[in-house]
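Below is one structure, written out as structure tokens, with a few remarks after it.
The chains referred to below are lettered A, B, ... by the order of the sequence lines, with proteins before strands, and numbering in each begins at 1.
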Amino acid sequence: MAELTFKNVRKVFENSVEAVNDFSLNVEDKEFLVIVGPSGCGKSTTLRMVAGLEDITSGELYIGDTYANPLPAKDRDIAMVFQNYALYPHMNVYENMGFGLRLRKFPKHEIERRVNDAARILGLENLLDRRPKALSGGQRQRVALGRAIVRNAKVFLMDEPLSNLDAKLRVQMRGEIVKLHHRIETTTIYVTHDQTEAMTMADRIVVMRDGFIQQVGTPFEIFNRPANLFVAGFIGTPTMNFLDGEITSQGTFKTDDFELVLPDEVFGTLKDQGYTGRTVTLGIRPQDVYDDRDMFDATPENILEYNVEIAELMGSETNITIDVAGREVTARVDARTDVGIGDRIKFIFDLENAHFFDKENEQRIN
Amino acid sequence: MRMYELYIHTARQGGLIRELAASIWPEGELLALSRQTAVLQLPEAPEDSLDAYHELIMSDVSQPFTIALFTPQSRSLIGRKWLCRALERLPFGHYADDSVLYALNKHFANARKEFRRRLENRISKHLLESALALAHADLNATLAAKRLYVHRNTLLYRLRQFKLQTGLDPQRFRTAALLDLLYTL
Ligand SMILES: Nc1ncnc2c1ncn2[C@@H]1O[C@H](COP(=O)(O)OP(=O)(O)O)[C@@H](O)[C@H]1O
Ligand SMILES: [Mg+2]
């Protein structure tokens, strides 16, 4: 088990692509940390630097107390799980799982013990004689995990391990990996571009964009207090709605088409920060837009009425897209709400749960 | 018989990776072997992607290495020696054929000459001219056809022939860049 520390880690490739910049972070012992961000933002590069598969251009990496920059990959005691779950085609499951240990010259009885332990944890006991060809996608992925588990490594690194599975299996394996982590408690860095995976699996999330960390926090913090416009838009489905408007000295949020009275506390904060008279971006999650079914004590001035553009029944909820004077606003409402395309709908924003961002630097206000 | 060739290049401890490759492709025959690079001849294309094999081996050996695959067509355009040298120059990773050719072209004048000679021996002038025109038209086939005074369908036919005869797809960016470098430098 081990802690990991990054101090201003930076990676510049030979073609002068700056893949990772000023990456500082402490990963705690036994933590399940998820790095999430769009494709190309530097997630894999970060992971590969930890594994020792890429040199660190500048900054420091510590594994436990050891300064790890100069350590060769094979001496880092790290196990990796990748997106592809190819296995050695001519070996059975047992041999596939034990192969890494055999290469490392472990005695036979130790290999046997570890492979059997891992097989039990992963429910693979009955498949040990099978060749990869005779396994389903999920079973193969489990063997790939098993190949990492038997190593008893200090740290697990997983790079999009579920991306090649179909949607249903992905959800199932998500749960299995989390359970597995509870059981063996190995410090894990898990990389994904899928924010749902990050939200459901992580102890803590690191959101990255263009090589820079945008925010580090628990899923709760990231969801409820996104640090900037990018994080706010990246995390959560359906995507957060954004509207630009002016904060007036009367305590309202004013656009060309409507004006909303802000709750006292919200206005107080904006005013204290000097935003009166300035344009800001208001962010509101579709879950925080209510139709009249849930509009108990709404301020009457704040009730808006516009046309429905799209209505998508999602099961227990309906996502409706409303045409608010040319801007699209998505609301997630009760599935019993009977609305169709073109209908007029009354709705309000739950402004207590609104987010405000500086229009220039896109940072969260407060 | 036409064979695939798989190149494996490592910084050190090459023996281990060769052993691994042999256990993934027992049907492969070892063609060449230096301290750092092994070349395996395979009767068929590997089942999984290069990415997948690279990750599989990586998870067992924990050390940087490169794996590259050449199709029967593209392979014979260039000498094995040059391919080995190109691989040594590339950052560690996994490559399909044309990205190695691209790098090779960038680095070695002699290899470039050799490559050009073999390419010209293999295909007709028209095909080469068509592929080059496409490259110079930023992959815009309509524009390339216009510049060559041929019908767009004629051009597309020639591009397909080029691909069939060389294994390089002139409609891919990398090939276009490769040709561009080969003939404009
Ligand atoms: N070996 C390399 N040489 C040059 N650039 C690279 C290399 N590997 C990755 N990059 C670039 O670095 C950036 C980050 O890549 P990566 O870490 O793979 O992103 P992610 O895993 O988040 O999709 C990308 O712009 C990518 O093109
Ligand atoms: Mg990646």
Side-chain donor-acceptor pair present, [X], [Y], cut-off under 3.5 Å:
{"X": "B:Tyr102", "Y": "B:Asp97", "value": "no"}
{"X": "A:Asp129", "Y": "A:Asn92", "value": "no"}
{"X": "A:Thr57", "Y": "A:Arg10", "value": "no"}

Pick from A:His90, A:Arg151, A:Met80: which one has the most heavy-atom pairs with chain B under 4.5 Å?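 Of A:His90, A:Arg151, A:Met80, A:His90 has the most heavy-atom pairs under 4.5 Å with chain B.
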Highest number of heavy-atom pairs under 4.5 Å with chain B: which of A:Ile78, A:Asp75, A:Leu103?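 Most heavy-atom pairs within the cutoff with chain B belong to A:Leu103.
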Is it true that A:Lys11 and A:Asp55 have a side-chain N and a carboxylate O under 4.0 angstrom from each other?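 A salt bridge is absent here (no side-chain N lies under 4.0 Å from a carboxylate O).
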Quick one: which residues of residues 45-59 of chain B reach chain A at under 4.5 angstrom, heavy atoms only?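 Against chain A, the residues of residues 45-59 of chain B that fall inside the cut-off (heavy atoms, under 4.5 Å) are B:Glu47, B:Asp48, B:Ser49, B:Asp51, B:Ala52, B:Glu55, B:Leu56, B:Ile57, B:Met58, B:Ser59.
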Does the separation of the ring centres of A:Phe32 and A:Tyr190 fall below 6.0 angstrom?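 Under 6.0 Å, so yes.
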Non-hydrogen atoms of chain B under 4.5 Å away: do they reach the side chain of A:Arg76, the backbone, both or neither?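 For A:Arg76, there is no contact with chain B at all, as no heavy atom is under 4.5 Å.
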Under 3.5 Å donor-acceptor, B:Asp98 side chain and B:Leu101 backbone: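 Absent.
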Just wondering, are more than 12 heavy atoms of other shown residues or ligands nearer than 6.0 Å to CG in A:Asp65?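 Open.
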